[in-house]
*Asks:* 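I'd like to ask some things about the structure below.
Just so it is clear, the values below take in all heavy atoms, side chains as well, and ignore hydrogens, waters and symmetry mates. Since this is a predicted model, take the numbers as computed values, not measurements.
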Amino acid sequence: FSDKFKVYLMLVDSHCHLDFKDFADELDDIIERARARGVRRMLTISTHLDKFPGVRDIAERYDDVYCSVGVHPHEAEHHIGLAKDQLIELSQHKKVVAIGETGLDYFYEHSPRQAQKDCFRAHIQAARETGLPVIVHTRDADDDTLEILTDEMEKGAFSGLIHCFSSSLELAEKSVEMGLLISISGIVTFKKAVELQDAVKQLPLASLLVETDAPFLAPIPHRGKRNEPSYVADTAARVAQIKGVEESELHRITGDNFFRLFSKVPAPT
């Protein structure tokens with residue numbers, strides 16, 4: 001490998017949605033652009049069990065793409081009575097490395113709150129039993145998110161992360177105290193995201209990941225365009241600037257954090 005390639009050895013997009021129709025006609029090109037910018041692993045995320053086979057198929061198609069299995073809180077009302085056993089069974093596939101995304105979204109409330117809570121708990125139970133990390137989505141639901149995380153952690157330890165973090169510093173710090181990681185998206189590059197930037201400054205590097213949440217939330221200088229995994233390099237650059245470290249160091253640390261959390265994913269050699 002060249003020295004330049006080594007700089008990006010551990011750059012990972014820890015959360016994207018490669019099964020979305022936004023990518024359907026050019027997925028090969030999108031994966032190649034990510035590789036060209038040094039993205040060594042991509043984690044494509046399940047949002048609905050009916051669509052999980054498509055998510056899994058993409059992970060099977062590319063050596064450097066892995067996937068999760070789960071139900072987004074927006075879809076909770078379509079999964080009433082979801083049992084942990086169903087998630088556990090689907091997670092046995094070699095390319096499934098996480099449970100989720102799950103959690104609470106009180107901003108849109110596309111699903112009733114109780115349905116979201118029940119679904120969230122089922123995912124945590126599956127994560128606890130499989131040993132796979134749970135991917136948590138939370139928006140305008142800090143108190144209930146913390147209540148469920150705390151209650152479930154008292155029942156038995158599990159690992160996970162708060163994805164696309166844009167909540168209070170308190171939620172982040174308490175999540176880190178529980179052993180969860182915090183994943184930073186392209187929002188951190190936005191000029192008005194001062195509170196998020198301040199939170200990133202205060203959180204330990206050992207607890208941070210970077211992601212795109214593609215096709216959403218493209219970072220500057222791509223804001224307003226469709227997001228894609230290659231743009232995680234731009235988010236990582238901004239996080240490195242905020243933390244006062246070299247980009248190569250940020251890549252190494254967040255990469256180490258990723259492979260520590262998602263232990264089912266083999267690290268690049």
*Asks:* How long is the straight-line distance from CG of N227 back to CG of L217, given to the nearest 0.5 Å?
*Replies:* 7.0 Å

*Asks:* For Y231, check ring-ring contact (aromatic ring centres under 6.0 Å, His included) against everything at least two apart and list the hits.
*Replies:* H222

*Asks:* Do E101 and T47 make a side-chain contact, defined as non-hydrogen atoms from C-beta onward lying under 4.5 Å apart?
*Replies:* yes

*Asks:* Under a 3.5 Å distance rule, please check whether R41 uses its side chain to pair with a backbone N or O of V265 as donor and acceptor.
*Replies:*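 Not a single qualifying donor-acceptor pair exists.
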
*Asks:* Below 4.0 angstrom, N of the basic side chain to O of the carboxylate: do E246 and R252 qualify?
*Replies:* no

*Asks:* Would you name the heavy atoms of R121 and K155 that are closest together and state the gap between them?
*Replies:*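 What the structure gives for the nearest pair is NH1-NZ, 3.7 Å.
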
*Asks:* Have H137 and D105 got a donor and an acceptor in their side chains that come within less than 3.5 Å?
*Replies:*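 On atom types as modelled, these side chains qualify, holding a pair under 3.5 Å.
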
*Asks:* Please tell me whether L132 and V136 are part of a single hydrophobic cluster in this structure, the criterion being side-chain heavy atoms less than 4.5 Å apart.
*Replies:* no

*Asks:* Just by distance, no angles: are the side chains of Q202 and D198 close enough, under 3.5 Å, to form a donor-acceptor pair?
*Replies:* no

*Asks:* Would you say that R33 contacts E26 through its side chain, given a criterion of any heavy-atom pair below 4.5 Å between the two side chains?
*Replies:* yes

*Asks:* Provide the closest heavy-atom pair for L161 versus S183 in the form atom of the first, atom of the second, distance.
*Replies:*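 Heavy-atom minimum between the residues: CD1-CB, 3.5 Å.
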
*Asks:* Indicate the atoms forming the closest heavy-atom contact of S111 with A76, along with that distance.
*Replies:*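 Looks like OG-N, 3.2 Å.
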
*Asks:* Ignoring hydrogens and geometry, is there a side-chain-to-backbone donor-acceptor pair from E77 to A115 under 3.5 Å?
*Replies:*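 No, E77 side chain to A115 backbone: no donor-acceptor pair under 3.5 Å.
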
*Asks:* Looking at D142 and S168, would you say the former's side chain and the latter's main chain have a donor-acceptor pair under 3.5 Å?
*Replies:* yes

*Asks:* Could you tell me the separation between the CZ atom of F23 and the CD1 atom of I58, rounded to the nearest 0.5 Å?
*Replies:*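 Nearest 0.5 Å value for the CZ-CD1 distance: 9.5 Å.
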
*Asks:* Determine whether a donor-acceptor pair (N or O, by modelled atom type, separation under 3.5 Å) exists between the side chain of Q197 and the backbone of V188.
*Replies:* yes

*Asks:* Salt bridge or not for D234 and R238, using N-O below 4.0 Å?
*Replies:* no

*Asks:* What residue pairs, at least two apart or across chains, pass ring pair (Phe, Tyr, Trp, His ring centres under 6.0 Å) with a residue in residues 195-219?
*Replies:* F20-F216

*Asks:* Would Y108 and R139 count as a side chain to side chain contact (heavy atoms under 4.5 Å, CB included) if you check the C-alpha gap in whole Å, the side-chain angles of each, and the deciding distance to 0.1 Å?
*Replies:* CA-CA 9 Å; Y108 288 110; R139 189 169 185 188; 3.4 Å; yes

*Asks:* Suppose we screen for ring-ring contact (aromatic ring centres under 6.0 Å, His included). Which residues come up paired with F262, at least two apart in sequence or across chains?
*Replies:*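 So F262 forms a ring-ring contact (aromatic ring centres under 6.0 Å, His included) with F258.
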
*Asks:* Between E75 and K51, does the salt bridge (Lys or Arg N to Asp or Glu O under 4.0 Å) criterion hold? Intermediate values first, please.
*Replies:* CA-CA 11 Å; E75 306 295 338; K51 298 178 180 178; 5.7 Å; no

*Asks:* Checking N257 now: which residues fulfil side-chain hydrogen bond (donor to acceptor under 3.5 Å, both in side chains) with it, not counting sequence neighbours?
*Replies:*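 Checked N257 against side-chain hydrogen bond (donor to acceptor under 3.5 Å, both in side chains); matches are R260.
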
*Asks:* Could you give the distance from CD1 (I45) to CD1 (I135), rounded to the nearest 0.5 Å?
*Replies:* 3.5 Å

*Asks:* I'd like to know if the side chain of S68 reaches the main chain of G100, judged simply by a donor and an acceptor atom lying under 3.5 Å from each other, with no hydrogens or angles considered.
*Replies:*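 Yes.
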
*Asks:* Is there a donor-acceptor pair under 3.5 Å between the side chain of K95 and the backbone N or O of A59?
*Replies:*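 Yes, the answer is positive, given that a donor and an acceptor are paired below the 3.5 Å cut-off.
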
*Asks:* Kindly give the heavy-atom pair with the smallest separation between T130 and S91, and that separation in Å.
*Replies:*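 In this case the closest contact between T130 and S91 is CG2-OG, 3.6 Å.
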
*Asks:* Please confirm whether the backbone N or O of L18 pairs with a side-chain atom of T44, one donor and one acceptor, at under 3.5 Å?
*Replies:*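 Checked: pair present.
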
*Asks:* Using side chain to side chain contact (heavy atoms under 4.5 Å, CB included), reason through V69 and L49 one step at a time and then give a plain yes or no.
*Replies:* CA-CA 7 Å; V69 60; L49 290 190; 3.8 Å; yes

*Asks:* Could you tell me whether the side chain of R226 reaches within less than 4.5 Å of the side chain of I30, counting heavy atoms only?
*Replies:*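 Yes - at least one pair of side-chain heavy atoms lies under 4.5 Å apart.
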
*Asks:* Using modelled atom types only, decide if a donor and an acceptor are shared between the side chain of R128 and the backbone of G156 within a distance under 3.5 Å.
*Replies:* yes

*Asks:* Show me the pairs that pass ring pair (Phe, Tyr, Trp, His ring centres under 6.0 Å) and involve residues 169-195, at least two apart or across chains.
*Replies:*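 Counting only pairs at least two positions apart or across chains, no ring pair (Phe, Tyr, Trp, His ring centres under 6.0 Å) contact touches residues 169-195.
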
*Asks:* Is there side-chain contact between F158 and I99, with heavy atoms separated by less than 4.5 Å?
*Replies:*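 F158 vs I99: side chains apart.
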
*Asks:* Once you round to the nearest 0.5 Å, how far does CG of L203 lie from CD1 of I182?
*Replies:* 6.0 Å

*Asks:* So, are K243 and E249 salt-bridged, with charged N and O less than 4.0 Å apart?
*Replies:*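 Answer for the salt bridge query: no.
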
*Asks:* Kindly give the heavy-atom pair with the smallest separation between V176 and S207, and that separation in Å.
*Replies:*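 Taking every non-hydrogen atom into account, CG1-OG, 3.5 Å.
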
*Asks:* Drop me the distance from D57's CG to C67's SG, to the nearest 0.5 angstrom.
*Replies:* 9.5 Å

*Asks:* For R223, look at atom CZ and say whether over 12 heavy atoms of other residues, nucleotides or ligands are found less than 6.0 Å away.
*Replies:*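 It does not: R223 CZ has 12 such atoms or fewer within range.
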
*Asks:* Under the 3.5 angstrom rule, does the side chain of H123 hit a backbone N or O of G103 as a donor-acceptor pair?
*Replies:*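 The answer is no, because no donor-acceptor pair under 3.5 Å joins these two groups.
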
*Asks:* Any non-hydrogen side-chain atom of D22 less than 4.5 Å from a side-chain atom of H17?
*Replies:* no

*Asks:* I need the L149 CG to I162 CD1 distance, nearest 0.5 Å.
*Replies:* 5.5 Å

*Asks:* Using the side chain to side chain donor-acceptor pair (under 3.5 Å) rule, take D13 and T212 through it: C-alpha gap first, then chi angles, then the decisive distance, then the call.
*Replies:* CA-CA 6 Å; D13 183 0; T212 58; 2.7 Å; yes

*Asks:* Please report the C-alpha distance between F165 and L171 in whole Å, then the side-chain angles of each, then the deciding distance to 0.1 Å, and finally whether the side chain to side chain contact (heavy atoms under 4.5 Å, CB included) criterion is met.
*Replies:* CA-CA 10 Å; F165 174 73; L171 183 141; 4.2 Å; yes

*Asks:* Please confirm whether the backbone N or O of T235 pairs with a side-chain atom of T189, one donor and one acceptor, at under 3.5 Å?
*Replies:*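 Answer holds: no.
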
*Asks:* In chain order, what residues pass the ring-ring contact (aromatic ring centres under 6.0 Å, His included) check against H48, with sequence neighbours excluded?
*Replies:*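 Only H79 meet the ring-ring contact (aromatic ring centres under 6.0 Å, His included) criterion with H48.
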
*Asks:* Salt bridge check: are D28 and R61 linked by an N-O gap of less than 4.0 Å?
*Replies:* yes

*Asks:* Going through the distances and angles, do D64 and R35 end up as a salt bridge (Lys or Arg N to Asp or Glu O under 4.0 Å)?
*Replies:* CA-CA 9 Å; D64 42 4; R35 292 168 178 165; 2.7 Å; yes

*Asks:* Please find the pair of heavy atoms, one from A141 and one from L104, that lie closest to each other, and give the distance.
*Replies:* CB-CB, 3.7 Å

*Asks:* Under a 4.5 Å cut-off applied to non-hydrogen side-chain atoms, are M42 and I31 in contact?
*Replies:*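 Yes; the side chains approach each other to less than 4.5 Å.
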
